[in-house]
Structure formats: C-alpha cells, structure tokens
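What follows is a single structure, written as structure tokens, with notes after it.
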Amino acid sequence: MSSVQLENGYTKIANEILEEIAKVKLSPTQYRLLFVIWRFTYGFNRKEHKISLTFLSQATGCDLRQIQRELKKLEERNLIVQKIKSGSTRGISFNKNHKEWVGKITNGEIVNGQKINRTNGENVKGTFGEIDNQERNKKNSKERDDKLVPYLEYEKVFGAPSAILKQSFIHWIEESQFQEPQEIICETIRRAKLQTPNKPAAYINSILNKLHNLELYTLDAVKEYNANFDAKIRNERGAGNPKLSNMFGKRENDNSPLTEEELQELKNIEREFPF
C-alpha cells in the first residue's frame, strides 16, 4: 500500500488554474504533459525548466513524435511557452494567464480566450473553430501553396515525387517541430542534389529525420549545421593541404613504405590538426 504524505513533497498550484484547466478540452497526452511540466516547474518553485523530449517521453510513457506533436499543440493554444535553441535543451513554462488560452469552454461556448457576446441568431467571430468562410478559404489556399513548394523543388531535381514522399512532406510540414518546414525541406532537397543518391526520397527523409532528432528546428540552425559538416569533411579530405601520409609515406633511410600501423598513426595525428 502506498503511503503518500505531503511532507515527502508536493506541488503548489493555484486553485484558479485547476478550475480553469477543467474548462479546456485536451487530449490525454496533453494532460500528462501538463502534469509533468507543473511538477518540474511549480514543484520546484520555478516558472521555467529545461526539459528534453526524451525525459518527457519517459515521464509520460508516450512516443517521442507524439510528445513533439502535443507540445506544439499546447503551444499553439497558449497553454505553454517553449524556448527552443539549437544545441540546447528546450525551456518550457506554463502560461498561467488563462484568458490567453485558446479553446476554453465558457457558458457552453468554446472561445478563443476572449469574452464573447452572443445575440439570438448571430454568429460570433473569435470563437474557436468558427472562421469566416472567406478567411478559411484564404488560409486553406495558402497552406496548399506552401505544401506545393517542396513538391516543385523535388520535381526540378529528381522528377515527380511519389505519393508516399508527398505524405512524408505533409508530415514534416504539419506535425514536426520545424519552424520553417518548407524551407528546411527545400534546403535538404538541394543538398541531396549535390550527393546524387540512388534513392533520393529515402535519403531526404533520412536527413530530415536526423535534423529533427538533433532539434535543429530553424533554417538558420540547419544551414549552420550543414556548414560545419562541410567544413569537417573538407578537413578530413585535406581541403588541398598535403596529407602527412603523402609527405611522410616512406622512410628516409631506405625509402621503403610505411606499415599500415604507421599510416594509421599519421591519420590519427591529422585529425588533431585545426585545418
């Protein structure tokens, strides 16, 4: 039998937050994430904490990609704030200003964090999920145009993308943490062109997956990573500098070739050079 006592630790949460969060329709995973966020922020008397995706996955028992999707949705609804920086663990905080939350249920209405006045027979702008038809059409048209950009970029280089690849692009655009998904996909396609892989679709997906796992969510972060990667490759290839194995590939006394062990030692020394 568990013996749970306050003296063993507790998390202070304002009653108002609990009352207001009960008015928000969330998925089970989103509730789990909020519990963990509260535990490691309010539970330690702090407003923000650096929490990795791996930790959240272990704490909730949910898949990493599911964690990413639900965090993004919580952020879109203004319940949390994420500070994502390349090469650093994301900082997460809970937005206690419940008036800013999107999708709260008030008097039977789902509202966009705003007070609404309704008269009989009137449609009220600002309600969650009720967008003017014209605005909805504009939004849908823009989204379709955005999603076409990677298709066209791929078509220019490798020919028409398959239906599977199109679905993959939609996944990266709609469900990933990439902040500029179309630009990052196009950048990856252009990089793939230089490598001329036998299976470009698989190659592109593999690179996108690697970038996402490294939490390189902005185009600038991706370009910086690519530049560092290219510099590393140039260094490994010598970038025009003579290799030690070429300079000292033979013994001075008898002009005989070095052994494999000696050549490997020279290569190890080369890796330590800053050029």
Side-chain angles (χ1 to χ4, degrees), residues 27 29 33 51-58 60-76 82 84-90 139-239 267 270-271:
S27 72
T29 302
L33 288 170
I51 311 177
S52 70
L53 295 176
T54 302
F55 178 81
L56 288 171
S57 177
Q58 293 171 347
T60 60
C62 298
D63 179 73
L64 273 174
R65 286 196 174 183
Q66 186 179 7
I67 294 291
Q68 292 172 335
R69 289 195 297 268
E70 302 302 340
L71 283 175
K72 187 175 182 180
K73 291 175 183 176
L74 285 172
E75 186 172 35
E76 288 172 349
Q82 297 190 87
I84 302 172
K85 185 178 179 181
S86 175
S88 177
T89 305
R90 72 187 59 217
K139 180 181 178 183
N140 290 340
S141 176
K142 182 181 184 301
E143 288 178 350
R144 285 194 297 270
D145 290 344
D146 286 343
K147 291 172 187 175
L148 280 174
V149 173
Y151 303 168
L152 297 175
E153 187 68 32
Y154 185 91
E155 193 171 23
K156 284 192 299 185
V157 180
F158 301 109
S162 66
I164 294 176
L165 184 59
K166 287 182 179 180
Q167 283 299 117
S168 175
F169 286 164
I170 290 174
H171 161 75
W172 292 115
I173 292 170
E174 293 185 348
E175 300 183 22
S176 74
Q177 289 287 95
F178 288 139
Q179 295 180 23
E180 301 151 292
Q182 296 91 346
E183 292 84 352
I184 290 173
I185 293 171
C186 290
E187 173 72 8
T188 304
I189 292 170
R190 288 189 287 269
R191 295 272 301 178
K193 178 185 178 181
L194 301 176
Q195 302 297 326
T196 60
N198 293 328
K199 297 180 179 179
Y203 178 89
I204 290 165
N205 263 325
S206 175
I207 296 301
L208 290 171
N209 191 57
K210 180 178 181 180
L211 295 173
H212 205 265
N213 289 340
L214 291 172
E215 299 191 10
L216 302 173
Y217 298 140
T218 66
L219 182 61
D220 287 342
V222 169
K223 286 185 174 181
E224 181 182 356
Y225 174 82
N226 287 339
N228 291 336
F229 179 83
D230 291 343
K232 180 181 177 182
I233 294 299
R234 286 196 299 272
N235 290 340
E236 290 179 352
R237 292 175 178 172
K267 290 179 181 178
E270 285 176 347
R271 292 195 187 98

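Position 1 is the first residue of the sequence; numbering continues from there. On a predicted model such as this, the values are computed, not experimentally measured, just so you know.
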| said: Would you compute the distance between atom CD of Glu75 and atom CD1 of Ile84 and round it to the nearest 0.5 angstrom? | reply: 6.0 Å

| message | Going by ring pair (Phe, Tyr, Trp, His ring centres under 6.0 Å), name the residues that satisfy it together with Phe229, two or more places apart in sequence or in a different chain. | response | none

| task | Could you tell me which non-hydrogen atom of Pro181 sits nearest to which non-hydrogen atom of Ile173, and how far apart they are? | result | CB-CA, 3.7 Å

| request: Check whether any side-chain heavy atom of Ile207 lies under 4.5 Å from a side-chain heavy atom of Arg191, and answer yes or no. | output: no

| Crowding at CG, Asn198 (>12 non-hydrogen neighbours, <6.0 Å) | no

| message | Do Arg65 and His171 have side chains that approach each other closer than 4.5 Å (heavy atoms only, starting at C-beta)? | response | yes

| query | Out of curiosity, Tyr151 OH to Gln182 CD, how far, rounded to the nearest 0.5 Å? | reply | 10.5 Å

| task | Flag the pair Glu187 / Asn226 as yes when at least one side-chain heavy-atom distance between them is below 4.5 Å, and no otherwise. | result | yes

| request: Evaluate the side-chain proximity of Ser176 to Leu208: yes if any heavy-atom separation is below 4.5 Å, no if none is. | output: no

| query | Does Ile164 CD1 have over 12 foreign heavy atoms under 6.0 Å away? | reply | no

| Closest approach of Pro197 to Ala192 (non-hydrogen atoms, all atoms of both residues) | CD-O, 3.1 Å

| request: Flag yes if more than 12 heavy atoms outside Lys193 fall under 6.0 Å of its NZ atom; otherwise flag no. | output: no

| message | Within the 3.5 Å criterion, strictly below it, is a donor on Glu70 or Thr29 matched to an acceptor on the partner's side chain? | response | no

| field | Side-chain (Lys72) to main-chain (Glu175) donor-acceptor, under 3.5 angstrom | value | no

| Is there a side-chain contact between Leu53 and Gln177, using heavy atoms and a 4.5 Å cut-off? | no

| request: Kindly compute the distance separating NZ (Lys223) from CG (Leu216), expressed to the nearest 0.5 Å. | output: 14.0 Å

| Nearest-0.5 Å distance, NZ of residue Lys232 to CG of residue Asp230 | 12.0 Å

| Is there a side-chain contact between Tyr154 and Ile185, using heavy atoms and a 4.5 Å cut-off? | no

| What is the minimum heavy-atom distance between Gln66 and Cys62, and which atoms define it? | OE1-CB, 3.8 Å

| note | Which of Asn205, Thr188, Ile204 passes side chain to side chain contact (heavy atoms under 4.5 Å, CB included) with Trp172? It is Asn205

| message | Parallel, tilted or perpendicular, judged at 30° and 60°: which one describes the rings of Tyr217 and Phe178? | response | perpendicular

| field | Contacts of Lys156 that satisfy salt bridge (Lys or Arg N to Asp or Glu O under 4.0 Å) - sequence neighbours left out | value | Glu153

| request: Measure the CD-NE2 distance between Gln68 and His212 for me, rounded to the nearest 0.5 Å. | output: 4.5 Å

| field | Gap between atom OG of Ser57 and atom CG of Leu33 - 0.5 Å precision | value | 10.0 Å

